[in-house]
Amino acid sequence: MGPDGAPGPAVPWRKVLWEHQPFPDNYVDQRFLEELRRNEGIRQYRYWAVVKEAGFVGQQLSCVAIFITLWIYMEQGLLSPETLLWTSLTCGVLGYGLHQVLMSHAEPCSEPRTYLADLQSTTIFLSFTFGFSPVLKTLTESVSTDTVYAMSAVMLLAHLVSFPYAQPSPPGSLSLNAALFASVCLASRLPGTMHTFAMLSCALLVFALWPCLLQKLRANAPSQFTGACVGVCVGGIGGLGSQSLGGAVLLSLALGCVTLLCPLLLVRLQRHKDNIQGPWDEAEIHEDLSRFLH
């Protein structure tokens, strides 16, 4: 690139490639930096709005903590499988009713699934789970307990990492499969087949159905969504606190970091963002070319 102020030929320079000009190939004139644009289209985040969205991450972490707490209670004999099963069934019916109400307000003109189809899907899942519970109970008999716990921890971590927080309805296949795999591993260490059946039914409610309901709350009832996230986080901390004070403290620190500290860092670092656009960028076609696809 020659200096901008250097004397050149009388022929004015044009930014074209198809015309022969008496300039070097890398020559630019003084107008080169006049087209410089900084931070074009940068979103400005508000702290509490980011905290609200981060609440989905915090509540999902708390859901994992609640599930582990329920498993510990069942392993210690403090929670019967019948109690967990009936509680899960009641919560599922109430959640289904709330989901239908939110669906009717959000999409009044759509054709939702019929109640008979939903009942059929639920019956098929419960029947297969109950029928395969004896098999699942003995699935990891030849595997050591430490290995089962390690696999469960890795799968629950994979569930949290791969969970589609932006659009969790329905949950991602990788995230859901990882959570159900961990649930099967943990349920196989419970005393009986009814314990296994109740634990897997609870896992479906927590990891598959609850995110769909929470997404509807986030879209149609923002204030209720915030309350639900706070309630789940409090329940997770309280559940772990009843078994391990150290676990409750670690969960509280993790929730504080995810929902308060990370949004603060995002907002603070946003002001240091410096993106530049100019004539050196690749050409972008803004014309609608869909007519050429037919």
Side-chain angles (χ1 to χ4, degrees), residues 59-99 118-119 121-140 148-149 151-153 155-160 163 168-173 175-215 228-229 231-244 247 251:
Q59 72 82 31
Q60 196 64 27
L61 183 62
S62 300
C63 283
V64 173
I66 291 174
F67 179 78
I68 294 175
T69 302
L70 293 174
W71 177 82
I72 293 175
Y73 270 90
M74 292 192 70
E75 187 194 32
Q76 296 177 350
L78 301 176
L79 178 64
S80 65
E82 293 80 9
T83 302
L84 179 61
L85 194 59
W86 282 108
T87 303
S88 301
L89 181 60
T90 303
C91 293
V93 171
L94 294 177
Y96 177 76
L98 179 58
H99 186 272
D118 294 332
L119 180 61
S121 300
T122 304
T123 304
I124 291 175
F125 171 80
L126 293 178
S127 300
F128 273 90
T129 304
F130 183 77
F132 282 101
S133 292
V135 178
L136 298 176
K137 171 67 179 68
T138 59
L139 189 63
T140 61
V148 170
Y149 291 165
M151 288 192 302
S152 302
M155 288 298 103
L156 289 176
L157 180 61
H159 163 74
L160 292 173
F163 189 84
S169 179
S173 57
S175 175
L176 182 59
N177 288 332
L180 292 181
F181 180 82
S183 304
V184 170
C185 290
L186 292 176
S188 65
R189 284 298 187 261
L190 294 176
T193 56
M194 185 59 68
H195 294 75
T196 303
F197 173 61
M199 204 71 222
L200 292 178
S201 301
C202 178
L204 178 73
L205 185 69
V206 172
F207 297 120
L209 301 181
W210 169 245
C212 298
L213 176 60
L214 201 61
Q215 172 63 16
C229 289
V232 172
C233 292
V234 172
I237 295 174
L240 276 185
S242 64
Q243 292 292 324
S244 171
L251 179 60

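The figures that follow rest on heavy atoms only: side chains count, while hydrogens, waters and symmetry mates do not.
Around CZ of F130, the count of heavy atoms belonging to other residues, nucleotides or ligands within 6.0 Å does not exceed 12.
Side-chain atoms of T83 do not come within 3.5 Å of backbone N or O of L79 as any donor-acceptor pair. Using modelled atom types, one side-chain atom of T196 and one backbone atom of A187 make a donor-acceptor pair closer than 3.5 Å.
No side-chain heavy atom of P134 sits less than 4.5 Å from a side-chain heavy atom of T138. Residues L126 and S201 form a side-chain contact, since some pair of their non-hydrogen atoms from C-beta on lies under 4.5 Å apart. Side-chain contact between L156 and I68 is present, with heavy atoms from C-beta onward closer than 4.5 Å. Looking only at side-chain heavy atoms (C-beta outward), S183 and M199 stay at 4.5 Å or farther from each other.
Tested against C202, the residues T87, L84, L85 include a single side-chain contact (heavy atoms from CB on, under 4.5 Å) partner, L84.
Counting all heavy atoms, side chain and backbone alike, A178 lies closest to H159 at CB-N, 4.0 Å. In plain terms, the two heavy atoms of W210 and V232 that are nearest each other are CZ2-CG2, 3.7 Å. Nearest heavy-atom pair, F67 versus L186, reported as atom, atom and distance to 0.1 Å: CE2-CD1, 4.0 Å. Considering every non-hydrogen atom in both L214 and A228, the closest pair reads CD1-CB, 3.9 Å. Shown here for P191 and K137, the closest heavy-atom pair between the two residues is O-CE, 3.4 Å. Scanning all heavy atoms of the two residues, the minimum distance from G247 to L240 falls at O-CD1, 3.7 Å.
From M155, atom CE reaches atom OG of S175 across 11.0 Å, with rounding to the nearest 0.5 Å. Atoms CG and SG, on L98 and C91 in that order, are 12.0 Å from each other to the nearest 0.5 Å. Remark: L61 CG to I66 CD1 distance equals 10.5 Å, nearest 0.5 Å. We find the CG-OG distance between L139 and S133 to be 12.0 Å, quoted to the nearest 0.5 Å. Here the CD-NE2 distance, from Q215 to H99, works out to 9.5 Å after rounding to the nearest 0.5 Å.
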task: Please step through side-chain contact (heavy atoms from CB on, under 4.5 Å) for the pair Q243 and L78, ending with a clear verdict.
output: CA-CA 11 Å; Q243 292 292 324; L78 301 176; 4.2 Å; yes
task: Would you check, one step at a time, whether the test side-chain contact (heavy atoms from CB on, under 4.5 Å) holds for L136 with F197?
output: CA-CA 9 Å; L136 298 176; F197 173 61; over 6 Å; no
- request: Decide side-chain contact (heavy atoms from CB on, under 4.5 Å) for F132 and V184; before the verdict, give the C-alpha distance in whole Å, the side-chain angles of both, and the deciding distance to 0.1 Å.
  value: CA-CA 11 Å; F132 282 101; V184 170; over 6 Å; no
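The ring of Y149 has its center closer than 6.0 angstrom to the ring center of W71.
In summary, the side chains of Y96 and T122 do not present any donor paired with an acceptor at a separation below 3.5 Å, with no hydrogens or angles considered.
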